[in-house]
Amino acid sequence: YSGLKSPKVQTYITKNLAEKLSEELNTEVTIESVDIKLIKTIVLEGVLIKDLHKDTLLYVNYFSLNVSNYNLDSNYFNISDVELTNTAFYLKKYLGEDELNLQFIIDHFAAEDTATASVRWLIDGENLLLDNIHFKYHDENSIDTINSGINFKDLDLIVSNGSFHKMHVIGDTLIGKIENLNVTEKSGFEINKFTAMTSISSVHAAIDELHLITNSSEIIGDLNFSYK
């Protein structure tokens with residue numbers, strides 16, 4: 001048991017698990033280092049997942065999570081701090097393909113039994129800090145031509161920084177406060193400030209107390225969306 005407390009041992013075990021997952025997914029999954037203080041703290045560095053075309057799907061330079069309280073009997077976790085730094089997440093629909101390059105991972109883990117899938121988790125989070133997050137979405141099948149503004153079929157966003165507070169995850173609903181989110185899109189569009197109270201589920205999104213400042217406008221108010 002004492003050996004499992006060693007970051008070197010944890011990294012060795014995790015690298016072997018990543019190799020096994022690589023074989024199951026038929027792609028590359030690697031992790032450079034792991035440091036887990038049982039249940040309370042998890043630190044991951046150098047996490048790389050490639051898609052089936054061997055292009056980068058996810059790269060996480062640094063991820064840390066601190067758990068302040070938990071109850072496994074009631075499926076409850078209280079997370080005090082989460083930090084995500086220098087991360088790239090690239091979604092893509094390749095030419096001639098209908099599904100996202102992420103779908104093979106979703107399908108793999110969706111193969112769980114129905115009893116596990118029906119477990120309802122309650123997760124509270126105090127602080128989520130983002131620093132230098134690069135997100136892309138490209139649909140190679142799109143024939144849309146956008147001469148100015150954002151092309152939502154070819155997004156390229158950088159979140160330079162942002163924070164989320166007092167987060168709650170109940171079933172498929174995420175509730176929390178967004179503060180000082182700064183985003184730049186390759187088109188030149190910039191979000192210089194995004195502050196709001198949010199509630200997002202699979203069928204509804206509410207954005208209250210919104211204060212949005214871009215490089216060309218300012219919006220204050222409340223927004224509500226319903227979708228299927």
Side-chain angles (χ1 to χ4, degrees), residues 1-72 75-94 97 99-113 115-117 119 121 123-138 156-162 164 167 169 174:
Y1 171 76
S2 59
L4 292 176
K5 295 181 179 179
S6 166
K8 289 185 178 180
V9 174
Q10 293 170 1
T11 299
Y12 174 79
I13 293 172
T14 306
K15 284 187 174 182
N16 278 274
L17 292 174
E19 287 182 7
K20 184 176 184 298
L21 187 58
S22 295
E23 293 176 359
E24 293 177 357
L25 294 174
N26 192 32
T27 189
E28 182 179 347
V29 179
T30 59
I31 299 176
E32 290 180 4
S33 70
V34 179
D35 186 0
I36 302 173
K37 295 176 176 59
L38 193 58
I39 298 298
K40 291 292 186 179
T41 303
I42 298 173
V43 176
L44 303 177
E45 295 183 81
V47 178
L48 173 65
I49 301 175
K50 292 189 176 183
D51 64 21
L52 294 178
H53 290 260
K54 310 308 178 186
D55 289 332
T56 297
L57 173 59
L58 175 69
Y59 176 76
V60 179
N61 178 260
Y62 180 85
F63 168 85
S64 69
L65 179 149
N66 294 305
V67 178
S68 58
N69 192 17
Y70 62 92
N71 187 324
L72 297 179
N75 302 316
Y76 171 74
F77 279 86
N78 183 278
I79 300 170
S80 57
D81 295 288
V82 178
E83 182 178 348
L84 191 61
T85 301
N86 296 331
T87 293
F89 184 35
Y90 300 152
L91 289 178
K92 195 170 188 177
K93 284 186 179 179
Y94 287 94
E97 298 183 8
E99 296 180 335
L100 287 169
N101 59 341
L102 178 66
Q103 190 62 45
F104 76 106
I105 294 179
I106 295 173
D107 292 343
H108 177 80
F109 289 104
E112 299 176 348
D113 62 343
T116 301
V119 172
W121 292 90
I123 302 173
D124 291 338
E126 299 298 323
N127 301 293
L128 167 61
L129 302 178
L130 304 178
D131 181 16
N132 192 29
I133 311 300
H134 191 189
F135 172 78
K136 289 183 180 181
Y137 168 67
H138 186 201
D156 191 338
L157 303 171
I158 293 179
V159 179
S160 55
N161 59 74
F164 297 74
M167 297 174 295
V169 178
L174 171 63

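We use all heavy atoms of the structure for the numbers below, so side chains are in, but hydrogens, waters and symmetry mates are not. Residue numbers start at 1 and run along the sequence shown. Computed from a predicted structure; not experimentally measured.
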Quick one: list whatever passes side chain to side chain donor-acceptor pair (under 3.5 Å) with [X], sequence neighbours left out.
X	value
Asp51	Tyr94, Asn101
Asn86	Asn132
Thr30	none
Thr56	none

Query raised in the report: Would a 4.5 Å heavy-atom cut-off, applied to side chains only, mark Asn26 and Phe104 as touching?
Result: no
Taking the side chain as every heavy atom from C-beta outward, state whether His108 and Leu21 have any pair of such atoms under 4.5 Å apart. yes
The criterion is side-chain contact (heavy atoms from CB on, under 4.5 Å); which residues satisfy it with [X], sequence neighbours excluded?
X	result
Val47	Ile31, Leu44, Val60
Glu83	Tyr62, Ser64, Thr85
Tyr12	Asn16
Lys15	Thr11

So, using salt bridge (charged side-chain N to carboxylate O under 4.0 Å, His left out) as the criterion, who are the partners of [X] when residues are at least two apart?
X	result
Lys93	none
Glu126	Lys166
Glu23	none

Those residues at least two apart in sequence (or on a different chain) that pass ring pair (Phe, Tyr, Trp, His ring centres under 6.0 Å) with Tyr90 are His134
So, Asn69 versus Tyr76: side-chain donor-acceptor pair below 3.5 Å or not?
no
